[in-house]
Amino acid sequence: MLRALRVLGVILGGPLVYDPVKADQVVALEFDAQGRYLEAKIYPFNEQDLPRYLYKNAKGSNPPTLTPTLLLNRTSIQKSLKNARNAYRKLRDLNPSLPDLELTNEALWPVMADHIAQVIEGLRKRERVLLTVRIDGQWMGEREDIRQALLAKFREEGRESVALGTCAICGEEKEVSGDISPFKFYTIDKPGYVVGGFDKTLAYKAFPLCYDCRDLIQRGRQHVEANLTFAFAPSIRYLLIPDFIFGAEAVRRDVMDILIEDREQRQQRLHTLSRQEVRRITADEEDILDLLSQERDVMTFHFLFMSRQQSREAIDLYVQDVYPSRLRALLQAKSTVDRILRLPREDGTWREYDFTYTILYRFFSKADPNKRNPDLLRHFYDLVDRTFRVAPVSTRYLIPFLMLQIRHDVVTPDRRDQGLYRWTILDALAALLFVQLTTQKEVLMSDQNPTTLEDFLNSLPALDSDLKKGLFLLGALTERLLRVQSQERGNAPFWKSLKSLKMTETDLKGLLPKVRNKLQEYDRFRGGEDMLFQKASAYFAQSPSPWRMSVDELNFYFALGMGLFPKVAQFIYTKKEEVEA
């Protein structure tokens, strides 16, 4: 990953000595070539001029920036002048040939503050103002002496761990440090990170990194964070780091542009590529994985999921070396799930389904949806990792999590009465199918366009046994009864017989005749219902007894039948019969 970021830093043109900043106006204190203060001028802020402003954040120190360019404190201008003075003084300590600006003369600060107040007078309170200095008509970034002083400032970091050694990234023998890691999940102030205990002078032996590589990696990281950071699922973002294993020239130009252009430019490009044709597999509207999946396997991608708490960084998941062909496989699995779960409407059209990793997050983030904070994220990250690496996952592991959410919906009156549990069941099946399709090397799929109920049952990889098919059909028949009761009575008292979907084998075997009898009472046990009853009975008769399934599994396959009743209905009813979809 670090090598990939270094390569990206080289492709982008080398180290970046400034940080991005947003402002509305720029106020420059003008000095002549000898450093004498002249006046304050105001300029409109232009993002293209960021290299000239030379704004650079300091890491947890005072002043807040490494150069005298900072966001103006409009209520305390002299405080900003003091910070600018301190930053410039530190640069001049590194390069005494820099002009001795009168910025260091505190006696002039009231005058400068008055001039600044005059030029910003009339600006709205919410407008951000960037304060900087210009020397002899030149911006900070236009002066080589200041740029060199700033680069020297960068080299002050990690001096306690400096030694002559071989850089772990470029392999060259040069000055390296063990305390300049570009990521804060690597530190040398905790046991286990430092060779030789807490002796910083020996830390370079654990992770020797030269300053040139550090600067290039930071450049690559800065670009990735600004332009290649995407939402994966609610509250979860990831960094997409490209790795050009055969060199950047082997990658198609349009793909290369997508990776190295600024986000705004990329959006313009994507807009021209007809966004309607781009498939999304994450929660991000700007998801570019579909476009990248079209590349040959001449590059890979690293997916880095990090969490931050103040200055601390921690890796939640790191998926490395994902080829474009793997992205294609994931998107193909998504397309299959979307096709299977689209539902017919009464007017003959289809309600489309759109699977993303947000569906997985829903089932594998919280044990209780009413909880404020996620408590199952380690399961979510593990599943994501397995879908990327084609690592098998047992359905017995998945189903208890899926049933947690399904049961929540059927015991919550509002969600049950509004029929929201049906969508939760569909999502649960989508999650199961996607994991099956992406973690098993071969998943049996029969007819993609089934015309009979039998073909439809065989087309669902989740229903790979007679017992599962029988439970599924029993669930569909029960859903039919619940809908009939809702239509006839305005409520569905039969829910009580379902025991919050915690039915045992005995309960389910007794449920089949109960459902038939109830439908007969409503005079709705007709041809379609009889077909479901007969087929469910036949599948149960063919299943070995006792049923070797947990309660969660039994009720999950039963629930699938409830959620997919509209699919079943298209095979058991004629067009003339009225069926609520």
Please lay out, stage by stage, how Arg516 and Glu529 fare under the test salt bridge (Lys or Arg N to Asp or Glu O under 4.0 Å). CA-CA 8 Å; Arg516 180 192 58 189; Glu529 290 79 8; over 6 Å; no

Taking the side chain as everything from C-beta on, heavy atoms only, tell me whether Val319 gets closer than 4.5 Å to Tyr238. no

Taking 4.0 angstrom as the limit, do Arg362 and Asp427 come out as a salt bridge? yes

Should the pair Arg342-Asp338 be classified as a salt bridge under the 4.0 Å nitrogen-to-oxygen rule? no

Would you find a donor on one side and an acceptor on the other, under 3.5 Å apart, between the side chain of Arg326 and the backbone of Asp321? no

Assess whether a salt bridge exists between Arg308 and Glu225, defined as any Lys/Arg side-chain N lying under 4.0 Å from an Asp/Glu carboxylate O. yes

Any salt bridge between Lys334 and Asp290, counting N to O under 4.0 Å? no

Look at atom CZ of Arg396 and say whether more than 12 heavy atoms of other residues, nucleotides or ligands are closer to it than 6.0 Å. no

Parallel, tilted or perpendicular: which one describes the rings of Tyr381 and Phe305, with boundaries at 30° and 60°? perpendicular

Do NZ/NE/NH1/NH2 and the carboxylate oxygens of Asp287 and Arg280 come within less than 4.0 Å? no

Has Tyr318 got more than 12 heavy atoms of other residues, nucleotides or ligands less than 6.0 Å from its OH? yes

Are Trp495 and Tyr421 an aromatic pair by the rule of ring centers under 6.0 Å? yes

Parallel, tilted or perpendicular: rings of Phe533 and Phe525 (30°, 60°): perpendicular

Is there a donor-acceptor pair under 3.5 Å between the side chain of Ser500 and the backbone N or O of Lys502? no

Compare all side-chain heavy atoms of Leu511 with those of Leu498 and state whether any distance is below 4.5 angstrom. yes

Can any side-chain N or O of Asp284 pair as donor or acceptor with the backbone N or O of Ala231 at less than 3.5 Å? yes

Who passes ring pair (Phe, Tyr, Trp, His ring centres under 6.0 Å) against Phe355, sequence neighbours left out? Phe434

Check the orientation of Tyr397 and Phe364. Use parallel for under 30°, tilted for 30 to 60°, and perpendicular for over 60°. parallel

Test your reading of the model: is there a side-chain donor-acceptor pair from Thr438 to the backbone of Thr387, 3.5 Å cut-off? no

Where the side chain of Asp24 meets the backbone of Arg128, is there a donor-acceptor pair that is under 3.5 Å apart? yes

Hey, does the side chain of Asp375 reach the backbone of Ala367 with a donor-acceptor pair shorter than 3.5 angstrom? yes

When you compare the side chains of Ser550 and Glu553, does any donor N or O come within less than 3.5 Å of an acceptor on the partner? yes

I'd like to know if Glu479 pairs up with Arg422 as an ion pair, taking the criterion as any Lys NZ or Arg NE/NH1/NH2 lying under 4.0 Å from an Asp or Glu carboxylate oxygen. yes

NZ/NE/NH1/NH2 to OD/OE distance under 4.0 Å, Glu521 and Lys518: yes

Step through the shown structure and confirm whether more than 12 heavy atoms of other residues, nucleotides or ligands are within 6.0 Å of CZ on Arg378. no

Less than 3.5 Å apart, any donor N or O on the side chain of Asp19 or Gln222 sitting next to an acceptor on the other? yes

With a 4.0 Å cut-off on N to O distance, would you call Glu47 and Lys22 a salt bridge? yes

Any donor and acceptor pair, going by atom type alone, linking the side chain of Asp530 with main-chain N or O of Arg526 inside 3.5 Å? no

Consider only side-chain N and O atoms of Tyr361 and Ser235, and report whether a donor and an acceptor are under 3.5 Å apart. no

Does a salt bridge link Asp464 with Lys468, judged by any charged N lying under 4.0 Å from a carboxylate O? yes

Are any of the side-chain nitrogens in Lys366 or Asp368 under 4.0 Å away from the carboxylate oxygens of its partner? no

Identify the residue among Thr412, Asp552, Thr424, Asn555 that makes a side-chain hydrogen bond (donor to acceptor under 3.5 Å, both in side chains) with Arg407. Asp552

Looking at Arg252 and Glu295, is there a salt bridge between them, counting it only when a charged N and a carboxylate O are closer than 4.0 Å? yes

So, does His223 use its side chain to make a donor-acceptor pair with the main chain of Leu259 at under 3.5 Å? yes

About how many Å separate OG of Ser537 and NZ of Lys509, when rounded to the nearest 0.5 Å? 12.5 Å

Would you kindly say whether Tyr522 and Gln487 are connected by a side-chain donor-acceptor distance under 3.5 Å? no

Would you call the rings of His379 and Phe401 parallel, tilted or perpendicular, taking 30° and 60° as the class edges? tilted

Determine, for Glu313 against Arg221, whether the closest basic-nitrogen to carboxylate-oxygen distance falls under 4.0 angstrom. yes

Counting neighbours of NZ on Lys499 that are heavy atoms of other residues, nucleotides or ligands and sit closer than 6.0 Å, is the number greater than 12? no

